[in-house]
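No experiment lies behind these values; they were computed from the predicted model shown. Below, chain A is the first sequence line, B the second, and so on; all start at residue 1.
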There are 2 protein chains.
Amino acid sequence: MTKAQAATRPATSRNYPKGERRRAQIIKAALTAFGQVGYRHASTVQLAAACGVSRAGLLHHFPTKESLLEAVLEERELQDDQHFFRTDGDPIDGLEYFASMIRLVAHNQANPLVVSLFAVLSSEATTADHPARPYFAARYERARSQMTQAVEDLAARDLLHSHVAPSGLAVSLIALIDGLQVQWLLSPDTIDMPEHLRSMLRNVISVELPG
Amino acid sequence: MTKAQAATRPATSRNYPKGERRRAQIIKAALTAFGQVGYRHASTVQLAAACGVSRAGLLHHFPTKESLLEAVLEERELQDDQHFFRTDGDPIDGLEYFASMIRLVAHNQANPLVVSLFAVLSSEATTADHPARPYFAARYERARSQMTQAVEDLAARDLLHSHVAPSGLAVSLIALIDGLQVQWLLSPDTIDMPEHLRSMLRNVISVELPG
DNA sequence: CCTACCGATCGGTAGG
DNA sequence: CCTACCGATCGGTAGG
């Protein structure tokens, strides 16, 4: 068990494998439901039914709907960490960073539930008083900060095309990745997300990406 | 009254100014509500209350919630037409097209309600059985087709940087515009949507845009 | 985890 | 037959 898990799960849970399995099942069902109908429209009654427990049973594991949302976002964050965000503190290699980003987008494209979750929740979270708004605001700020470092690394090594403005490029590339998800969810057969990202990166980076 | 309006509004409505005003009021309130909490979570009861009519009164104008959604999308479409989509049939001037696109994004940035409506509805509509899914699928297909023509016009006139791949560029630029909306709604003070679009267009177009 | 509930609200429809 | 609503209520479901 990692440190992050220990901080978010009750320490006793390791001793109750059945409860742990149920908890994981509920999180997975909630991830699916939130991605399909949004957080606000998802109902704990239907979630409980989908997991074969009563609504009171579900509320034993997650006392409020909001606590379930937190668990879903944490779960998703852990998956990202595994694939991508390993460079805490280390200086960022811009080429490696964007190669990893393409791999992450390709990985997401193989997991429609995860894409749907983030496409639906991130825009739902822009509205006032949404419980996930602070999470997404912080997440985007962190992503922009990290990608800006990657862009600046490329600029310092003269790996951007000469006419490309590095300022604001991170914001636009994150926007590109987000926007591709909506078009892909609507037309999965005509949109290839990692290919479009790679193509746009080729438009601004003057050397080929590794990997 | 334009052809589009005549096709969607009852022909008799012009003779009932009070009903017409009420109808416009309801559409505006629905546009706000759908953008704030999404279509599914918005309630006709609250909409009616916000308009000072009973729920039955609201349903007199819009017999179903879905018919109200249609009216909101048509209303928004008409606004777009006024500002932008005037080139039906005509060949597209790529430079004019993207200059208009920047103006449209700037116009949207001055109207948070409209941005919120589209950011929230477009992703909500990606989910199965959403009544607006066909609308958004068709809208994106049309937008891609139109922007692809603009990109091809630029390519034919040699106005793209030599290393830029025109294929798929329209998809990515539309994705960029959509993605910027989410970041802007979460951080309106740190994101300038038209500026980021202009900057990205400068990265691929080798001449300055008009206007 | 269950049964048994609460105050309220959902989208849609009735007759007048 | 039209409009612009009204008060009441249908069977179900919401989060807690």
Side-chain angles (χ1 to χ4, degrees), chain A residues 9-10 12-30 32-34 36-72 121 124 127 129-132, chain B residues 1 8-31 33-34 36-72 121 124-125 127 129-132:
Chain A
R9 301 185 184 189
T12 51
S13 67
R14 83 188 76 179
N15 298 325
Y16 301 91
K18 185 181 172 187
E20 196 64 12
R21 264 182 280 125
R22 186 66 86 185
R23 193 186 150 92
Q25 180 193 19
I26 293 170
I27 290 176
K28 178 165 186 182
T32 304
F34 293 169
Q36 280 177 347
V37 299
Y39 168 73
R40 279 196 260 240
H41 190 71
S43 83
T44 52
V45 170
Q46 289 179 350
L47 276 175
C51 295
V53 299
S54 69
R55 196 167 158 275
L58 184 143
L59 291 176
H60 163 74
H61 294 284
F62 300 97
T64 65
K65 197 185 181 188
E66 208 169 311
S67 71
L68 181 51
L69 174 61
E70 280 177 33
V72 166
L121 274 195
E124 187 182 357
T127 60
D129 302 324
H130 195 286
Chain B
M1 179 176 279
T8 56
R9 300 186 184 188
T12 52
S13 67
R14 83 187 75 179
N15 298 325
Y16 300 90
K18 184 181 172 187
E20 196 63 13
R21 261 181 283 125
R22 185 67 86 184
R23 193 186 149 92
Q25 180 193 19
I26 293 170
I27 289 177
K28 178 164 187 181
L31 189 150
F34 293 168
Q36 280 177 348
V37 299
Y39 168 73
R40 278 195 261 240
H41 191 71
S43 85
T44 54
V45 170
Q46 288 178 349
L47 277 174
C51 294
V53 299
S54 70
R55 196 165 157 277
L58 185 144
L59 292 176
H60 164 74
H61 294 284
F62 301 96
T64 65
K65 195 185 181 189
E66 208 169 311
S67 71
L68 181 51
L69 174 61
E70 281 177 32
V72 166
L121 275 194
E124 186 183 359
T127 59
D129 301 325
H130 195 286

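Spacing of C1' atoms, C:dG15 relative to D:dC5, comes out at 13 Å, to the nearest Å. Atom C1' of C:dT13 sits at a distance of 14 Å from the matching atom of D:dC6, rounded to the whole Å. Spacing of C1' atoms, D:dA4 relative to C:dG16, comes out at 13 Å, to the nearest Å. Using atom C1' as the reference point in both D:dC10 and C:dC10, the two lie 12 Å apart (nearest Å).
Atom CD of B:Gln46 and atom P of C:dG11 are 9 Å apart (whole Å). Taking atom CD on A:Glu66 and atom C1' on D:dG15, their separation rounds to 12 Å, with Å as the unit. Atom P of nucleotide D:dT3 and atom CZ of B:Arg21 are separated by 17 Å, given to the nearest angstrom. Computed from coordinates, the B:Ile26 CD1 to D:dC5 P distance equals 8 Å when rounded to whole Å. Following rounding to the nearest Å, A:Lys65 (NZ) and D:dG16 (C1') show an atom-to-atom distance of 12 Å. Rounded to an integer number of Å, the gap from A:Leu68 CG to D:dG15 P is 11 Å. Distance CZ (B:Arg40) to C1' (C:dG12): 18 Å, rounded to an integer number of Å. Nucleotide D:dA4 holds its C1' atom 14 Å from the CZ atom of B:Phe62, rounded to whole Å.
Among the nucleotides D:dG15, C:dG11, D:dC5, the one closest to any side-chain atom of B:His61 is D:dC5. The side chain of B:His60 has D:dC5 as its nearest neighbour among D:dA14, C:dC10, D:dC5. With C:dG12, D:dG16, C:dC1 as the candidates, the nucleotide lying closest to the side chain of A:Arg22 is C:dC1.
B:Ala49 comes within 4.0 angstrom of no nucleic acid atom, judged by non-hydrogen atoms across all strands. Among the heavy atoms of the strands lying under 4.0 Å from A:Ala42 are primed sugar atoms or P, OP1, OP2 only; no base atom is included.
Interface residues of residues 51-59 of chain B facing DNA chain C, ordered by number: B:Arg55, B:Leu59; criterion, heavy-atom separation under 4.0 Å.
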Test B:His60 against B:Val53 for side chain to side chain contact (heavy atoms under 4.5 Å, CB included), laying out the working first.
CA-CA 10 Å; B:His60 164 74; B:Val53 299; over 6 Å; no
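A donor-acceptor pair under 3.5 Å is absent between the side-chain atoms of B:Glu66 and the main chain of B:Pro131, judged by distance alone. Panel note: side chain B:Arg22, backbone B:Cys51; a donor-acceptor pair is recorded below 3.5 Å.
At D:dT13, none of the side-chain N or O atoms of A:Ser43 fall inside 4.0 Å of OP1 or OP2 (strictly under the cut-off).
Minimum interatomic distance between A:Ala33 and A:Ala42 (heavy atoms only, all atoms of both residues): CB-CB, 4.3 Å.
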